[in-house]
Peer 1: 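Sharing a structure with you now.
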2 protein chains.
Amino acid sequence: MDFSTRLRDHGLRVTRQRLAVLGVVDSHPHSSADAVAEKVRRDLPELSLQSVYNVLNDLTAFDLLRRFSPPHSPALYETRVGDNHHHAVCTRCGRVEDVDCAVGHAPCLTPSDSHGMTIQIADVLYQGICKDCAERSPGPAG
Amino acid sequence: MDFSTRLRDHGLRVTRQRLAVLGVVDSHPHSSADAVAEKVRRDLPELSLQSVYNVLNDLTAFDLLRRFSPPHSPALYETRVGDNHHHAVCTRCGRVEDVDCAVGHAPCLTPSDSHGMTIQIADVLYQGICKDCAERSPGPAG
DNA sequence: CCGCTTATTTTGAGTAAGTCAAGATAAGCA
DNA sequence: TGCTTATCTTGACTTACTCAAAATAAGCGG
């Protein structure tokens with residue numbers, strides 16, 4: 001299903017800016033707002049950063065995009081939604097990889113004591129050193 | 001073991017600012033830098049926000065504090081370190097609760113495919129609605 | 001207890017990542 | 001094709017943090 005159809009299915013107008021943002025995030029998963037703006041501007045030079053923030057936020061609200069906030073990083077966006085997958089982040093270079101969820105839907109884990117909260121999501125953030133960084137500077141993880 | 005001893009054990013000077021910050025974070029876990037500054041200033045009116053950031057960052061680097069970055073929130077700090085516990089966050093009010101780690105040390109989960117990364121930590125973020133928010137505005141989770 | 005060294009704090013400036021809102025533009029419908 | 005209104009651009013702003021020089025204070029040795 002293409003992006004135009006998905007937008008219309010949610011009662012959203014199909015704009016060049018939205019299609020461009022979705023296309024860039026689809027081909028470059030885990031992109032920041034700045035990175036998306038830079039790439040979209042190759043085709044739409046007049047696109048504003050404000051508009052990128054608007055589009056990313058609006059489409060995340062409608063589950064057309066997923067937002068992921070690793071520590072020490074701007075928010076990152078991806079089009080892979082609905083499968084509750086997790087992420088692995090390299091603590092040296094910031095590289096992000098998708099990790100399939102063993103269960104496939106949220107919440108995939110339940111806390112030992114939820115303190116009365118109704119849990120809806122369990123996000124797992126794996127942190128470590130990627131292969132490239134381990135090769136470049138073999139510290140204790142090498 | 002008190003904070004002075006822990007600071008000395010790490011070769012760090014024992015300053016009034018550090019002791020005050022540690023004390024506040026200990027009695028108010030999951031506090032932001034702003035919240036810490038506000039409380040410490042009741043005893044040390046001349047404490048600067050810059051100093052709070054310095055102390056929080058330095059003590060986190062030495063594992064005297066733990067930093068936790070929920071989405072849509074400034075970084076939060078706590079003195080509970082070393083047990084790899086997780087967190088549950090209310091998506092409406094931002095309330096944070098500790099959740100014990102079933103394993104007790106990192107990493108407590110391993111990814112199905114680590115993409116060549118050497119995984120060191122697995123942080124689980126549980127998100128949901130706390131009891132108070134559910135009672136106040138019973139949406140779909142009510 | 002005092003002086004010296006140097007880690008740390010304060011001060012002032014700045015950056016990065018985002019939000020707010022008014023006016024302009026363009027998507028879509030009749 | 002014209003009208004409505006969602007969305008974009010523009011300009012301003014806020015929040016959460018960092019940077020670095022000068023001042024201060026912690027701690028050690030004599």
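The structure displayed is predicted, hence computed values, not measured ones. Sequence lines set the chain letters: A, B, ... in the order given, protein chains first and strands last, and positions in each chain run from 1.
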Peer 1: Using whole Å, what does the distance between atom P of nucleotide dG28(C) and atom CG of Asp9(A) come to?
Peer 2: 13 Å
Peer 1: Roughly how far, to the nearest 0.5 Å, is the CZ atom of Arg18(A) from the CG atom of Asp58(A)?
Peer 2: 6.0 Å
Peer 1: Look at Arg18(A) and dT7(D) and indicate whether a side-chain polar atom (N or O) is within less than 4.0 Å of OP1 or OP2.
Peer 2: yes
Peer 1: What's the closest nucleotide to the Asn54(A) side chain, out of dT9(D), dC17(D), dG18(C)?
Peer 2: dT9(D)
Peer 1: Does dT9(C) have OP1 or OP2 sitting under 4.0 Å from an N or O in the side chain of Thr15(B)?
Peer 2: yes
Peer 1: Considering only side-chain heavy atoms of Gln17(B), which listed nucleotide, dA17(C), dT9(C), dC17(D), is closest?
Peer 2: dT9(C)
Peer 1: Mapping Gln50(A) and Gln50(B) to their closest nucleotides on DNA chain D, which lands nearer the 5' end?
Peer 2: Gln50(A)
Peer 1: Roughly how many Å is it from CG in Leu44(B) to P in dT10(C), rounded to a whole number?
Peer 2: 8 Å
Peer 1: Would you confirm whether the ring centroid of Tyr126(B) sits within less than 6.0 angstrom of the ring centroid of His87(B)?
Peer 2: no
Peer 1: Without decimals, in angstroms, what is the distance between Asp58(A) CG and dT19(C) C1'?
Peer 2: 13 Å
Peer 1: What integer distance in Å separates Phe62(A):CZ from dA6(D):C1'?
Peer 2: 11 Å
Peer 1: Remember a base hit wins even if backbone is also touched, and classify Leu47(B) as base, sugar-phosphate or nothing at under 4.0 Å, heavy atoms.
Peer 2: sugar-phosphate
Peer 1: Are His28(B) and His30(B) close enough that their ring centers fall under 6.0 Å?
Peer 2: no
Peer 1: Looking at the side chain of Asn57(B), which of dT10(C), dT18(D), dT9(D) is the nearest nucleotide?
Peer 2: dT18(D)
Peer 1: Between dC17(D), dA26(D), dT19(C), spot the one nearest the side chain of Arg13(B), thanks.
Peer 2: dA26(D)
Peer 1: Nearest 0.5 Å, please: how far is CG in Leu109(B) from CG in Asn84(B)?
Peer 2: 9.0 Å
Peer 1: Nearest-Å distance, CG (Leu7(B)) to C1' (dG27(D))?
Peer 2: 14 Å
Peer 1: In this structure, are over 12 heavy atoms from other groups packed under 6.0 Å from Arg16(A) atom CZ?
Peer 2: no
Peer 1: Nearest to the side chain of Val55(A), which nucleotide is it out of dG27(D), dC8(D), dT19(C)?
Peer 2: dC8(D)
Peer 1: Any base atoms under 4.0 Å from Leu12(B), or only sugar-phosphate, or nothing? Heavy atoms, all strands.
Peer 2: sugar-phosphate
Peer 1: Taking the side chain as every heavy atom from C-beta outward, state whether Leu65(A) and Glu78(A) have any pair of such atoms under 4.5 Å apart.
Peer 2: no
Peer 1: Which listed nucleotide (dT9(D), dC17(D), dC20(C)) is nearest to the side chain of Ser51(A)?
Peer 2: dT9(D)
Peer 1: Using whole Å, report how far CG of Leu49(A) lies from C1' of dA17(C).
Peer 2: 9 Å
Peer 1: What's the closest nucleotide to the side chain of Ala75(B) if the choices are dT9(C), dC17(D), dT10(D)?
Peer 2: dC17(D)
Peer 1: Rounded to the Å, how far apart are Glu46(B) CD and dT8(C) C1'?
Peer 2: 13 Å
Peer 1: Which nucleotide in the set dT11(C), dG18(C), dT18(D) lies at the smallest distance from any side-chain heavy atom of Tyr53(B)?
Peer 2: dT18(D)
Peer 1: What's the closest nucleotide to the Asp34(A) side chain, out of dA21(C), dA17(C), dT7(D)?
Peer 2: dA17(C)
Peer 1: Return the value, rounded to whole Å, for the distance between atom CG of Leu56(A) and atom P of dC8(D).
Peer 2: 11 Å
